[in-house]
There are 2 protein chains.
Amino acid sequence: MSKGVEWAIHTLLNLAMLGDDKPVGSAQLAAGHGLPVAYHNKQLQSLVKAELLTSTPGPRGGFRLARDPDSISLLDVVLAIEGNGTLFRCTEIRQCGKIGELSTGGDGSTACAVKRAMYRGDVAWREALAAQKLSDVQKELDIDDPSVTTTVRRAFGRD
Amino acid sequence: MSKGVEWAIHTLLNLAMLGDDKPVGSAQLAAGHGLPVAYHNKQLQSLVKAELLTSTPGPRGGFRLARDPDSISLLDVVLAIEGNGTLFRCTEIRQCGKIGELSTGGDGSTACAVKRAMYRGDVAWREALAAQKLSDVQKELDIDDPSVTTTVRRAFGRD
DNA sequence: GTCTAAATACTCGGATACCCGCTGTCCGAGTGGTCCGGG
DNA sequence: CCCGGACCACTCGGACAGCGGGTATCCGAGTATTTAGAC
């Protein structure tokens, strides 16, 4: 899994902790965690396409959360960055080679058993991530370090 | 996830369906599903290192299952091919940049909340794969197409 | 003083190189089988 | 006929290229602000 996922989650959490609706520029967001500005900007565009962020151009522009943190799951973020493909990709090799040629019994309607089995793992992963909203992670973050919100606000020049 | 995982699972299943302990050469295993021989051989070596297969060199040599199919989980196969790393890699960017520098409150002992949250998804995925053994998939495969075992045996020149 | 309009500075957005890891291929090391010669 | 040794064919194992996607970077399109000028 690409680093962009970690970057996106932290960035979204920072925006959630700021709370207000003032846009924050890509440069500021990247500076918050010392990330390469231009590439991070590219990831933010992916989040905009996925409708997790809204962008406003021009001076005083930047990015805002498109929805409340309790309606954005970690799965949403992962899919926005990685694309909505599955972890395991079935190539249907069961239909190739000698075995594929000799195979005749099963009807072609049923999906490959290997595919089904691997997809069960995929579904478990997705459900676990979908169950966790940004607001949940934000709460945990606050429990670990109650001063984190103040720190973030200060890092972005608020207060 | 790399294709090698799909290849490895099908190959192990084929060996399980053959049942006997006669070694099968890398070339035959690859021909079973029309895979590139040399590269597939490379993957088989990974399975040997993970102690899922045993290899015997020389003429009449090849690969055999190292354990019973009911003691090999899909997770074992995935980790053997992909390495035992986690899906989500935490880079600790929370400690970098402006926010990292200003952050002081939380004790360094607790892991990043984002890391913990993502690892929950990782654990769910691993558990779902660990719960499914090769024998289970083999049974499903046999239900979908009762003639599959015969087909595989024939494809490998048995009977 | 106020309205208008142009210049400006700052932002996002997409097009362009770079690099690491999966993919694919090759050849060498090692082993068991086989064949030939001798007893 | 039986035994021993050398040859050989076949196997795995690791070392060597090729390519695609993530990574990183730059420059152009667009907009709100600012500012200068005219009324």
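Fair warning: this is a prediction, and the values are worked out from it, not measured in the lab.
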(request) Find the distance Phe63(B):CZ to dC10(D):C1' and express it as a whole number of Å. (result) 13 Å
(request) Would you tell me if any nitrogen or oxygen in the side chain of Gln45(B) comes within less than 4.0 Å of OP1 or OP2 on dC12(D)? (result) no
(message) A side-chain contact here means heavy atoms from C-beta on lying under 4.5 Å apart; do Met17(A) and Arg153(A) qualify?
(response) no
(request) Establish, with yes or no, whether the OP1 or OP2 oxygen of dG13(C) is under 4.0 angstrom from a side-chain nitrogen or oxygen of Ser55(A). (result) yes
(message) Are the side chains of Leu134(B) and Asp70(B) in contact, using a 4.5 Å heavy-atom criterion?
(response) no
(request) In whole angstrom, give the distance that lies between atom CG of Leu47(B) and atom C1' of dG13(D). (result) 14 Å
(request) Step through the shown structure and confirm whether more than 12 heavy atoms of other residues, nucleotides or ligands are within 6.0 Å of CZ on Arg67(B). (result) yes
(message) What is the distance, to the nearest angstrom, from the CZ atom on Arg60(B) to the P atom on dG33(C)?
(response) 8 Å
(request) Measure the distance from NZ on Lys49(B) to P on dC12(D) and round it to the nearest whole Å. (result) 16 Å
(message) Using whole Å, what does the distance between atom P of nucleotide dG13(D) and atom CG of Leu44(B) come to?
(response) 9 Å
Dump the pairs, protein N or O against N or O of nucleotides 23-27 of chain D, anything under 3.5 Å, distances to one decimal.
from	atom 1	to	atom 2	distance (Å)
dT23(D)	OP1	Lys3(A)	N	3.3
dT23(D)	OP2	Tyr39(A)	OH	3.1

(request) State whether a side-chain donor-acceptor pair under 3.5 Å links Ser73(B) with Asp76(B). (result) yes
(request) Decide if atom CZ of Arg158(B) counts as having more than 12 heavy atoms of other residues, nucleotides or ligands within a radius under 6.0 Å. (result) yes
(request) Between dC12(C), dT31(C), dC10(C), spot the one nearest the side chain of Pro59(A), thanks. (result) dC10(C)
(message) Just by distance, no angles: are the side chains of His40(B) and Thr11(B) close enough, under 3.5 Å, to form a donor-acceptor pair?
(response) yes
(message) In whole Å, I'd like the distance from the CD1 atom of Ile81(B) to the P atom of dT23(C).
(response) 10 Å
